[in-house]
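All heavy atoms count here, side chains included; hydrogens, waters and symmetry mates do not. Lettering of chains follows the sequences in order, A, B, ..., and the numbering in each one begins at 1.
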There are 2 protein chains.
Amino acid sequence: MIDRTGPVAPYRQVSNEIAARIGAGDLAPRQRIPTETELCKEFGVSRGTARNATAALRDLGLVVTVPHRGTFVAQHGEQGAEPAD
Amino acid sequence: MIDRTGPVAPYRQVSNEIAARIGAGDLAPRQRIPTETELCKEFGVSRGTARNATAALRDLGLVVTVPHRGTFVAQHGEQGAEPAD
DNA sequence: GTGTATTTGTTCGTATGTATC
DNA sequence: CGATACATACGAACAAATACA
């Protein structure tokens, strides 16, 4: 869960957590990160907040979102790459 | 963009601009006006301000908002009308 | 080809906290 | 204090593309 008493916005806490997993190799390149709905359940946030979190990761170039497929860990700073399969 | 130095509130500037487009026929009856998000981008305002602007247009009877569909130019002073399609 | 489930995209409704004038 | 603005958040509904049986 997230901390709603601190100064860090919920969507930031979610994106930070996912970024940490990527950094730790818990989520490998080309691997799909949790779906928006899964993030909702896992962190107890709304879908809008989950979307904000993935958008933040996208801004960082850490992930690439493929419409109707999912959001995947970028490989070495790839923004417009192809998860291909 | 809008003028933040003058006496006219930003939401008023936005609603005035949209009203002008309607008056000029740039936005025709039954046509959808820019979404709240689009107004945010176009005028550089927050969504709350965009909402205030569309609410002002609604008060004037110039537009009709359909939940989850959009906000449409009213036909000849219709407030509770149906964009139908 | 059809139907269903999954997943992201989009849009409006609403509320809260903070800041400015 | 009130009006306005902004960022963030939650909720709800529908659209569209994809995947699979």
Side-chain angles (χ1 to χ4, degrees), chain A residues 1-18 27 30-60 62-74 79-85, chain B residues 1-18 27 30-60 62-74 79-85:
Chain A
M1 283 301 183
I2 59 177
D3 173 28
R4 293 174 188 283
T5 67
V8 182
Y11 85 94
R12 271 299 183 188
Q13 296 182 47
V14 174
S15 64
N16 286 345
E17 169 61 23
I18 301 301
L27 289 170
R30 300 178 60 86
Q31 184 177 348
R32 209 196 64 181
I33 71 172
T35 66
E36 293 175 351
T37 302
E38 286 171 339
L39 291 177
C40 293
K41 281 193 249 179
E42 182 174 345
F43 294 94
V45 298
S46 71
R47 205 187 134 199
T49 300
R51 281 181 65 77
N52 282 346
T54 56
L57 294 168
R58 216 176 305 125
D59 287 346
L60 293 173
L62 284 177
V63 301
V64 177
T65 296
V66 181
H68 313 119
R69 279 227 176 69
T71 297
F72 304 82
V73 179
Q79 275 88 33
E82 3 63 74
D85 53 323
Chain B
M1 283 301 181
I2 59 177
D3 173 27
R4 293 175 188 285
T5 67
V8 182
Y11 84 93
R12 270 300 182 187
Q13 296 181 47
V14 175
S15 64
N16 286 342
E17 168 62 22
I18 301 301
L27 290 171
R30 300 178 61 87
Q31 184 177 348
R32 208 197 65 182
I33 71 172
T35 66
E36 293 175 350
T37 303
E38 286 171 340
L39 292 176
C40 293
K41 280 192 254 181
E42 182 175 346
F43 294 94
V45 297
S46 72
R47 207 188 134 196
T49 300
R51 279 181 67 72
N52 284 345
T54 55
L57 294 168
R58 217 176 303 125
D59 287 347
L60 293 172
L62 285 177
V63 301
V64 178
T65 296
V66 182
H68 310 122
R69 286 234 168 61
T71 296
F72 303 81
V73 178
Q79 275 87 37
E82 1 63 78
D85 55 319

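- Environment of CZ in B:Arg12: sparse, with no more than 12 heavy atoms of neighbouring residues, nucleotides or ligands closer than 6.0 Å.
- Atom NE2 in B:His68 sits roughly 16 Å away from atom P in D:dA16 (whole-Å rounding).
- Side-chain contact between B:Arg51 and B:Arg47: present, with at least one pair of heavy atoms (C-beta onward) separated by less than 4.5 Å.
- Using a 4.0 Å heavy-atom cutoff across all strands shown, A:Gly70 reaches sugar-phosphate atoms only and no base atom.
- Closest non-hydrogen pair, A:Ser15 versus A:Leu57, comes out as O-CD2, 3.4 Å.
- Rounded to whole angstrom, the span from the CD atom of A:Glu36 across to the C1' atom of D:dA9 amounts to 15 Å.
- Nearer to the 5' terminus of DNA chain D, by closest-nucleotide assignment, is the contact made by A:Ala50 (compared with the other of A:Ala50 and A:Pro67).
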- Worked check of side chain to side chain contact (heavy atoms under 4.5 Å, CB included) between B:Thr35 and B:Lys41: CA-CA 10 Å; B:Thr35 66; B:Lys41 280 192 254 181; over 6 Å; no
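- Note: B:Thr54 OG1 to B:Tyr11 OH = 11.5 Å, rounded to the nearest 0.5 Å.
- DNA chain D lies under 4.0 Å from at least one heavy atom of each of the following residues of residues 4-12 of chain A: A:Arg4, A:Ala9, A:Pro10, A:Tyr11.
- Neither OP1 nor OP2 of D:dT4 sits under 4.0 Å from any side-chain N or O of B:Asn52.
- The shortest distance between side-chain heavy atoms of B:Leu62 and B:Ile18 does not fall below 4.5 Å.
- Comparing A:Ile2 and A:Arg69, the nucleotide of DNA chain D nearest to each residue sits closer to the 5' end for A:Ile2.
- A search for side chain to side chain contact (heavy atoms under 4.5 Å, CB included) contacts involving A:Ser46 returns A:Thr49, not counting sequence neighbours.
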- Stepwise, does the side chain to side chain contact (heavy atoms under 4.5 Å, CB included) test hold for B:Leu27 with B:Val63? CA-CA 11 Å; B:Leu27 290 171; B:Val63 301; over 6 Å; no
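- Of all nucleotides in DNA chain C, those with any atom nearer than 4.0 Å to a heavy atom of chain B start and finish, going 5' to 3', at C:dT11 to C:dT14.
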